[in-house]
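To start, the structure itself, in structure tokens.
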Amino acid sequence: MSGPSTYEPKYAAAKWMDQRLPIIRMGADFMTFPSPRNLNYWYTFGGILALCLVVQILSGVILAMHYVADVDKAFASVQRIRRDVPFGWLLQSMHAVGASMFFLAVYMHMFRGLYYGSYKAPREVIWILGCAIYLAMMATAFLGYTLPWGQMSFWGATVITGFFGAVPVVGESLQEWLLGGYSVDNATLNRFFALHYLLPFVIAALVGLHVWALHHVGQNNPIGISAKTESDTLSFHPFYTVKDAFAIAVFLVIFAIFLFYLPDALGHADNYIEADALKTPPHIVPEWYFLPFYAILRAVPSKLFGILLMLGAIVVLFVLPWLDTHKVRSMRFRPIAKWFFLIFIVMCFLLGWCGAETPDNVVPVIGLGKMTFYTLSQIATLYYFAYFLIILPVLGLVEKPIKRPDSITKAVLGDSHRDAGLAPAE
Amino acid sequence: MSDTSVHTTDADLEDGSKRDFIFLATGATAAAGAAAVGWPLVAQMGKAADTLAAGSIEIDLSKIGEGQQLKMLWRGKPVFVRHRTAAEIAEANAVELSVLKDPEVDTDRLIAGPSGAVNQKYLVMVGVCTHFGCVPVGEAGDFDGWYCPCHGSHYDTSGRIRKGPAPKNMVIPPYSFISENVIKVG
């Protein structure tokens, strides 16, 4: 797919450099990378995510210049950033809202991959690296949420680090080792800050590998048929740089709406109360992007089994390339899998809803009788795992795909297209 | 190398035993070195000396009225000292062990005073839910004891788990009586 390099250095200096460190060539090849000509807007989230990472790292490094990682000062230092530091209100909100936007984009990106079968051969490693990035993002977000040292920060950290206490035999020692004390305290806050600063650079490195693998095997596309001829592809620039730029502009409008008009809409009011080890908030909930996993955690009445299920919900993503054995990548041509996928998305949203509610409450929908959120979360959790462990493997054996086009070119331009090398109208 | 050989040939050099020895010795030294450097990197994460030192508090029980609960911070966690009413004590005693998830008699959850007898009035425990470490709310839940708002665990008047996801009873901290009415926790 990547093909031989087409870069020709034009100037003597560029030629000199090219013989010593072909970095200009690398950039040029990146910009002219042959991409399938049928990529739709679901394929713009990669670029959006790269932007999100840059925004988070830039705003984060600046915030670190004003933040104080000390249990007595952390809460006040964040308030100081918001009130006294020039444009601190903007940068702090950008970082907090940016985290939500990052997850919004990553979920779109992941659902895209699930629907178009982007995890199938030869893209398994791209997918696994993506899962690793997602896992690192979750860790980074959790660590970062602790830093403002509000009530949700503190109790969220207490609950999450409590997971390690559930490990048989060594659990308590392991937990205290991670916390650096008997409970979440100053030592914990300091190490969380250090790791929160470190992990984004690990993510950046993983993104490098993710893109490298992508450029080695080539992009998937909405019909899931590999690009075979030159007419199946377009140069990344200007065709997809422009498409990505438009998508980024739309994304930034949404980002700006939250940033300027609803900076706290995605947060929790309790985090404006300073951390208090003697008082648990009446209702602990994680940030919205963790709610489905929180619901899975609470779907069973056992501490250890709940944690294992929650971890399993992520682990199952890593092995997905070997669970979905169907040969056709795109669900456009899989009439049955398509519907199960739709239900899967609905179930993910239901899990999110369950995570936000108290388990014992009754689901407020007519016709469900007296179903509690606890029961609903059990049903949705069951489906979540069944989708990966039963439905996809079985469909791989029995599902008959509908007829697929012969090539990307034919899918886009129809059978009448004869001039294979034709450039798109300018 | 055989006795008859005069010249050292390439074939002789390929006798791997000496090289294997060097490989193993180098590998073992490197592994020992990595472990020696690795251990401080791991151990630094544990509790620091000052954290370990700030480990005990004293509580005067006589200042807690009947039906009141004192909440003190000990090792970053709350300690509950509850002066239980007669009704609460009776309720704790009346429970059949067979219905408990983590069976314990109420008096086993108390520590004897200077007289050698336990005083069922004062229940001292770490006020942390054994599920995920939230602080349960007092005089709440289905068993008149404590209720954890995080994931809905109910504890009885002896701090024993009765309902919900928590696996264990609330923990009794190590404490001792300094005098008739003063205890030292930790």
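To find a chain, count down the sequence lines: A is the first, B the second, and so on, and within it residues start at 1. None of the values given here were measured: they were computed from a predicted structure.
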Tyr294(A) versus chain B, the contacting section by heavy-atom distance below 4.5 Å: side chain
Which atoms of Leu304(A) approach chain B - backbone, side chain, both or neither, heavy atom under 4.5 Å: neither
Can you tell me which portion of Leu174(A) sits under 4.5 Å from chain B's heavy atoms? Options are side chain, backbone, both or neither. neither
Chain A: which of Met72(B), Lys71(B), Lys47(B) shares the most heavy-atom pairs with it under 4.5 Å? Lys47(B)
With a 4.5 angstrom heavy-atom cut-off, could you sort out which part of Ala187(A) is near chain B: side chain, backbone, both or neither? neither
Would you mind checking if Lys163(B) and Asp142(B) are paired as a salt bridge, meaning a charged N to carboxylate O distance below 4.0 Å? yes
Select one option (side chain, backbone, both, neither) describing which atoms of Val137(B) are under 4.5 Å from chain A's heavy atoms. neither
Looking only at heavy atoms, which two atoms of Ile161(B) and Asn169(B) are closest? And how far apart? N-OD1, 2.9 Å
Salt bridge Lys121(B)-Glu66(B), side-chain N to carboxylate O under 4.0 Å: no
What part of Ile284(A) gets closer than 4.5 Å to chain B, counting heavy atoms only: side chain, backbone, both or neither? side chain
Does the pair Ser158(B) and Asp106(B) meet the rule for a side-chain hydrogen bond (donor to acceptor under 3.5 Å, both in side chains), with working shown? CA-CA 6 Å; Ser158(B) 185; Asp106(B) 183 58; 2.5 Å; yes
Which atoms of Ser153(B) approach chain A - backbone, side chain, both or neither, heavy atom under 4.5 Å: neither
Between Tyr272(A) and Asp264(A), do the side chains contain a donor N or O and an acceptor N or O under 3.5 Å apart? yes
Quick one: which of Gly165(A), Ser183(A), Gly162(A) has the most heavy-atom pairs under 4.5 Å with chain B, could you say? Ser183(A)
Using a strict threshold of under 4.0 Å (side-chain N to carboxylate O), is an ion pair present between Glu176(A) and Arg75(B)? no
I'd like to know if Arg109(B) and Glu104(B) make a salt bridge, using a cut-off of under 4.0 Å between side-chain N and carboxylate O. yes
